[in-house]
Structure formats: C-alpha cells, structure tokens
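Single-structure report; data block below.
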Amino acid sequence: MTTDCWVDVAVQTPAHSAVGGLLTYRCVQTVQAGHLVRVPLGRKQLLGVVWSVNKQPPQALKADAVRDVLEVLDAVVPLSTNWRQLVEFGARYYQRAIGEVALTALPPALRALDRTALARRLRRHAADATPGPLQALAGPALTPEQAQVLQALGQHSGVHLLFGNTGSGKTEVYLRAVADRLAADPLAQALVMVPEINLTPQLEARVRERFGHEAVVSMHSGLTPAQRLRCWLAAHAGQARIVLGTRMAVFASLPRLRLIVVDEEHDPSYKQQEGARYSARDLAVYRGRLDGALVLLGSATPSLESWYLSRPASEGGRYHRLHMPSRIGAARLPTVRRVDMNHQPRRTLLSAPVLQALQERVSRGEQSMLLLNRRGYAPVLHCGDCGWKSECRHCSAFRVFHKTDRTLRCHHCGATERVPQVCPSCGNADIAPLGRGTEQLEEHLGELLAGVRRADGTGVRIARIDADTTRLKGSLETQLAQVHAGEVDVLVGTQMIAKGHDFRRVTLVVAVNPDTALFSSDFRAAERLFALLMQAAGRAGRDAALAHPSEMLVQTFHPSHPLFEALKRHDYPSFAQHALSERALAQLPPLMHQALLRADARSQEVAQTFLREVQACLNVTDDSEGSSVQIYPPVPMSLQRVANVERAQMLLESTSRSALQQMLAGAQTHMLALRQQPAHRGIVRWLVDVDPQTI
Ligand code: ADP
Ligand code: ZN
Ligand code: ZN
C-alpha cells in the first residue's frame, strides 16, 4: 500500500511566466500544508511551500506526468494557515503570484539548506530556546496621557491610531503595550515595525535593554543571510517574542502574534517599490484582524489615509484614534518663524536671520540642523551661452553635479562621468551649477561661518549626512553618534536627518528651500512636506533643560501658504482637514482608490499602444458588469525615460476597492495574453501598482 498524496506547492517562478500559480507534485512522505519542501522544476531544484494536500490525484493532469517532491524539510514546523492566508491575500490584492510573495517572505538562506543541514542547525538553536514568561525591566512612571492611551489599548481590540506629538513619548507607549501583551500570555509575540532601522538604532537599543537580548530579533535588509535565517527561525519557532523590523517583517512567521506596532505609520518607505508593491502598514492592519492581534499605528503626522479611517465611528471611522498632545517633561515645541525670501537679496541661499540664529547657537554651544532635500552640489550644470544642460543620455532627467569627485551623476540610472572642462555643445569654458544641493550648502556654510568661534575659541564644526556620505556600511551610525556626542555644531542633510532621532542639544532647525513641494504635480507632495517639516521641527527643543527656547526657521517665497500657517501652529489636524477637503473635491485618495498599470518599452508608442489595448479589453467587461471603475487614457510617466526605457502608465480609479480588484484581476489575464502577440514584442515589462504612492 502506498501513502501517496498530491500537493500544490508555491514556488518562485519568473514574474509573468505562464506558471504563475501553484504547481502540483506527488509526495510519498507524510506532509502537511505549510511544510517547506524541495521540488524539481525543469532541471532546477527549488524551495517551495506546500499550500494544500490532496488524497486524490489531480483530474486535469495525467498522474504519471506529475513529478515527485524531492524532500520534505520537516524539521521546520509547518507555516500556519494564517500565514498562508496573509500571503494569499497579499498576492491577490497586489496582483502577484502566491509563490513570489511566499518565497520572498522567507529568508534566502533557506534555499541553500537541505533537510539534514537544516535539522542540524535547528538542533543547535534549540539549546537557547527559553519560551516562558518574559521579564521586562520597569520603564519610567507613565505620564497621564500615556497611562490613558495604554488603558484604552487594554479595553478595545482592533486598530488604533496613536496621534502623538514628536517627543510625547510614543515609544514608551509601544514598549509598555508590548510588555502588557507579553505578560498576559507566556507565549505571545509582538511585531514592531519601523520605516528604516538604521535611522533609529536608538529604538533597537531601547527594546533590547527593556526586554533582554534573547527575546528580540530584528528583520531588515541589513542583516547577513545567516543572521536573517537565525532570526526568522527564532520567530517561527516562537522563541523570539519580539520581532523588530522594516516593512519585510510584516510577513514574518509569528505563530502567536498578539500585537503589531507600526511606528511612523505615514512613512512612504512602508510601501515596497518593486516586485509585489505591498504596503506593510495596510497588510499589518489585515494581519491584525486575521490573527486577532491589536494593531497600533503611531505618528505625529498620520497619513491622510489613517487619519480619515480614524474619524469618529459615527461618521464611518473604523480605527480608534488616541491623542497625546503634550511633550514629555515640559519640553516645548519650537517656535516656527517664516523668513520671507522675497525680501532677501536675489539668489540668497541662507538669509540674514538664519545666519544670525546659527551664530547664536554656536556661541551658546547648542546644535543646529539645516534641512535641504536635495543631495549633490547642484541639480544641474548649465551653459549660459548656448543653454546646454547636463541631461542624462539615458533618462529624461538631469545629471546632478557632485563637486567632491567632480562628477555628473544620474540619480535614476546611475550613469556617471567626469565634469566636462568646457560646454560639450558650444565649447564655452564658463559652465556653471544651477540650483543648490547639500554639498553646496555645506561648502557655503563653511565660508559664511569661517569667522565664528565657539565658546572655547575653536572653529565651527560642520557635518553633512545624506545618501552620499552614508554609502559605506556603518557610516551613518558613526555620523549619528558624532552628533549625539556633541562633536558637531551644525548638521546639514536631507530628510535622513529629520526622522526620529532623539538629538538632545538641537535648538535650531532650518528648512532651507521647502517651496518646490508646494507646487508639485504629485498630489501627495504637500502631505509629505508637512510631515517632513513637522518631523524636522520635532528634532528641536527635546531637552527642556536647555535655557533658550528652540526655533524652526522656514525660508520661503510663500510665507502665507496655509501649509506653513498650520506648521507655525504645529496643527496637524487643521492641515489634515484642509487637505482632506481638497482631496474630496478633487476625488482623490483616501476618498478614492487607485491603481496604476505601467508598461515599459523601447518606445513610448509601443508602451502606450499596449496599455490602450488592455483598456479596450477591460471596457468590454466594464459594460457587462456595470462596474464603477474609471480608466484614464495611457500617458507617459512624469519621469518618462529611465536607462533608455520608455515608461507609460494608465490610471484606474474607483470608490469601490472590490470593483477595482476585480478589474485588475481581469487586466492581468489580458496582459498575459496580449504580451504573447507579436505586435507587443517590444514590451520590456509591465506591472501593476495598487494604491500607488506617486502618480
Ligand atoms: P516620540 O517617540 O513620541 O517622539 P519618545 O518616546 O522618543 O517620543 O520620548 C521622548 C523622550 O521622553 C525620550 O527621551 C523618552 O525616553 C522620554 N520619555 C518618554 N516617556 C517618558 C516618561 N513617562 N517619563 C520620563 N521620560 C519619558
Ligand atoms: Zn554652451
Ligand atoms: Zn540616467
């Protein structure tokens, strides 16, 4: 008698290949859904996850055409039904194959281990397994606001939005919420997500200090494959009680998940920008419901999506909104002053009030931060004679001038070359930078502050933090540590310096040139700018003991813009109300749901034709079902060409998520079929972006 069964297995196959779904194999060993297996595909051997087990051979396939599972990695307990459901939902919602989502959620090192090697590794880890009650160290006495929030978390299940000012002690609330859940259940687990872990090394240190090293594992792309495997296995086995990670951690296998925290929930980096373009925040909400876990989204400037969803229940809100308006320890939020650049000499980079404020801080031994969201020396190099500009040959973008190594670099395709001596077009020797980046700001500051002395008579110490200065592993940590240690007087940087850091001695924050985002074609630009400036403002005045009040200076040509008015009052709710009413008028998210179909090809014509034909197919089903999805004609993307590939997109909109989902599923089928036609051979790739961050 045989114990044969047939299993559907999720394996990673190339995107858009014909075998996008699950593959069927025969298995002669005992196997359960959720088991990891090794299976043959063509001449390769792949890691797979058993999705379902059937006692009957598949009808459609000839039984002898079905290949055998090579081995069951049964040392690893099967992945749970909930985990598989999360993956299935993610794949369906973001229009990708189950296999792709499942396999990218597993640590890559698993693929290289066979049954024996894996079993050996697990035995090694079993030694340090100590599930049981977790002893958390006591934290500080809670403020009344913190206590109230924690009490509410204990009383209501579901999704909570913690709207708490910068410095109001949200992190302490997260830690306490974790401690409460873990104390209540000796096996419970918690997931804490942060946007970018290397920007918040302090948080990791705080979590480990509070709960002990063994209880906590991290999950992010900075880990080595071996570390990632060890952390994944510890979470999967329930040994790790707390997983701290970036967006990828939302797929961690956590058999007894009771709490999910999403810190800085508004941060765009929660949205994956390649492959399955999932939003880890949105999946966290889904997962919380699935696992019956409490979900806590936290921010000083919530996304308009979450803000809208947390409106009063009587108006249809679904999240529970909690508010912590006060800063800890009587620390005050900085005074926001707008510097009207219309009254400054033309082409002023740093205005007189800013310079004066900087000098005061230096002489008092306090720190200042200058925010300029553009790296490099100048965004473009320009010839005044013939009008030549440093365009990228491969992209519809300019190459950025980097003075330190005298290169022109494209920030989209990476193409780099040395700065030409003379204008490549007319030979003029006088080519000049146009616009300003952080490199130039740093240089300029050095000149402006050259004569300024610190209290001990030494010169001003200026540092810059951006993607260029932090390329090497560990360099960001070193630079941040220098700021914390007080070895820097003036810090220049991009949005990297605005996020989350608890800099104690910063009393001045300057937004050097925030105006560009006010008039962007991207409807989310203002929301992002407001969040960035509020975050940046939150870096100042965190220490109430510093004698002088802290300040934020905003250099702008539009001082009366409502965004700056709201910033001045530190008034997120009024900003949000204004922005939401605009979104309602313009029929934009969160009151509308969007998806993009994108096609890339050698020519714009080919890309758009493909999308037009997809649209033609969709309109047919549209009529027959009377669904409410609006499809806009294909257009070139705002960054039309990258690395010699032309990009076009088509926007789909609906007030109904399910109508949109249905249409997208149909679109997938059409695109697969169209792609096979000779007419569309020029298509390089196509993709679907559900709830896109930028249009
Ligand atoms: P947020 O995350 O809201 O910006 P943090 O959690 O970083 O704020 O808190 C700001 C500062 O206040 C931190 O230095 C933190 O250690 C401290 N803090 C938080 N809660 C308390 C408390 N209850 N008592 C004393 N200090 C606290
Ligand atoms: Zn020229
Ligand atoms: Zn380029």
Side-chain angles (χ1 to χ4, degrees), residues 138-150 162-177 192 194-195 199-200 202-203 205-207 209-210 261-265 296 298-302 322-333 380-400 407-417 420-432 434 484 498-505 534-545 639-647:
L142 295 174
T143 65
E145 285 178 6
Q146 287 172 328
Q148 219 163 26
V149 163
L150 282 158
L162 174 56
F163 167 48
N165 237 321
T166 50
S168 63
K170 292 187 291 299
T171 314
E172 187 57 39
V173 169
Y174 305 151
L175 297 182
R176 244 14 120 81
V192 178
V194 293
L199 290 181
T200 45
Q202 280 178 314
L203 177 65
R206 260 171 93 181
V207 176
E209 183 185 74
R210 186 71 60 91
V261 173
V262 184
D263 187 24
E264 309 291 0
E265 66 87 33
L296 179 56
S299 177
T301 51
L322 303 161
H323 193 192
M324 296 205 303
S326 317
R327 274 195 146 182
I328 296 284
R332 292 230 317 270
L333 282 167
V380 51
L381 213 55
H382 170 244
C383 166
D385 274 7
C386 74
W388 172 85
K389 284 188 180 141
S390 55
E391 271 169 52
C392 177
R393 259 190 296 279
H394 317 291
C395 309
S396 46
F398 294 113
R399 277 169 305 157
V400 175
T407 55
L408 287 177
R409 267 188 248 157
C410 174
H411 288 181
H412 302 286
C413 73
T416 302
E417 59 185 58
Q421 299 287 334
V422 297
C423 169
S425 157
C426 75
N428 171 20
D430 194 21
I431 43 178
L434 212 63
H484 284 293
K499 294 189 179 176
H501 314 292
D502 196 12
F503 295 136
R504 306 304 299 182
R505 294 197 63 81
M534 287 280 280
Q535 282 292 321
R539 294 320 105 212
R542 296 177 78 84
D543 195 339
L639 186 60
Q640 180 175 337
R641 192 164 54 104
V642 169
N644 289 323
V645 173
E646 287 283 336
R647 310 168 339 144

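Just so you know, ligand 1 is whichever comes first in the structure, and atom 1 is the first atom listed for that ligand. Note that the coordinates shown come from a computational prediction; the quantities given were computed from them, not determined experimentally.
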Distance (rounded to the nearest 0.5 Å) between Q146 CD and E172 CD
6.0 Å

Give, for atom CG of L296 and atom CG of D263, the distance between the pair rounded to the nearest 0.5 Å.
9.0 Å

Identify the protein heavy atom lying closest to atom 15 (C) of ligand 1, giving its residue, its atom name and the separation to 0.1 Å.
R206 NH2, 4.0 Å

Can you report which non-hydrogen protein atom sits closest to atom 7 (O) of ligand 1, along with the distance?
R542 NH2, 3.5 Å

Proximal ligand 1 atoms for K170, defined as those under 4.0 Å from one of its heavy atoms
1 (P), 2 (O), 3 (O), 4 (O), 6 (O), 8 (O)

Determine whether the side chain, the backbone, both or neither of R327 has a heavy atom under 4.0 Å from any heavy atom of ligand 1.
neither

Which heavy atom of the protein is the closest neighbour of atom 1 (P) of ligand 1, given with residue, atom name and distance?
G167 N, 3.5 Å

One finds that the ligand 1 atoms under 4.0 Å from a non-hydrogen atom of T166 are 4 (O)

Nearest neighbour in protein (non-hydrogen) for atom 20 (N) of ligand 1
Q146 NE2, 3.0 Å

Distance, nearest 0.5 Å, that separates OG of S390 from CD of E417
9.5 Å

Can you tell me how far CE of M534 sits from OG1 of T301, rounded to the nearest 0.5 angstrom?
6.5 Å

Could you tell me, atom by atom, which parts of ligand 1 come under 4.0 Å of a heavy atom of T171?
2 (O), 5 (P), 6 (O), 7 (O)

With a 3.5 Å distance limit and no angle check, can you tell me whether S396 reaches the backbone of Q640 through a side-chain donor-acceptor pair?
yes

Hey, is the main chain of Q535 close enough, under 3.5 Å, to the side chain of T166 for a donor-acceptor pair?
no

Numbered atoms and elements of ligand 1 in range of L142, under 4.0 angstrom, heavy atoms:
23 (N)

Going by the angle between their ring planes, with limits at 30° and 60°, are F503 and H484 parallel, tilted or perpendicular?
tilted

Give the contacting part of A141 toward ligand 1: side chain, backbone, both or neither, where contact means a heavy-atom distance below 4.0 Å.
backbone

Heavy atoms of I431 and C423 approach each other most closely as CG2-CB, 3.7 Å

Looking at atom 14 (O) of ligand 1, what's its closest protein heavy atom, distance included?
D502 OD2, 3.1 Å

Of all the non-hydrogen atoms in the protein, which one sits nearest to atom 25 (C) of ligand 1, and at what distance?
P140 CB, 3.9 Å

S168 heavy atom under 4.0 Å from ligand 1:
yes

Atom indices of ligand 1 within 4.0 angstrom of T143 heavy atoms, with elements
23 (N)

For the Zn ion (ligand 3), decide whether C413 has an N, O or S atom at a distance under 2.8 Å.
yes

With a cut-off of 2.8 Å, does C410 put an N/O/S atom close enough to the Zn ion (ligand 3)?
yes

Between SG of C423 and SG of C426, what angle is found at the Zn ion (ligand 2), rounded to 10 degrees?
110°

Vertex the Zn ion (ligand 3), rays to SG in C395 and SG in C392 - rounded to 10°
110°

For atom CD of Q148, decide whether the heavy atoms of other residues, nucleotides or ligands shown that lie under 6.0 angstrom number more than 12.
no

How many angstroms lie between atom CG of N165 and atom NE2 of H323, to the nearest 0.5 angstrom?
6.5 Å

Considering only protein heavy atoms, which is closest to atom 9 (O) of ligand 1, and at what distance to one decimal place?
G169 CA, 3.5 Å

Flag the pair Y174 / L162 as yes when at least one side-chain heavy-atom distance between them is below 4.5 Å, and no otherwise.
yes

Identify the protein heavy atom lying closest to atom 17 (C) of ligand 1, giving its residue, its atom name and the separation to 0.1 Å.
I328 CG2, 4.2 Å

Under 4.0 Å between a Lys/Arg side-chain N and an Asp/Glu carboxylate O for E145 and R327?
no

Taking only heavy atoms of N165 into account, list the atoms of ligand 1 that are under 4.0 Å away from them.
3 (O)

Distance-only, no hydrogens or angles: does the R647 side chain make a donor-acceptor pair with backbone N or O of R641 under 3.5 Å?
no

Which of the numbered atoms in ligand 1 are below 4.0 angstrom from a heavy atom of R504?
14 (O)

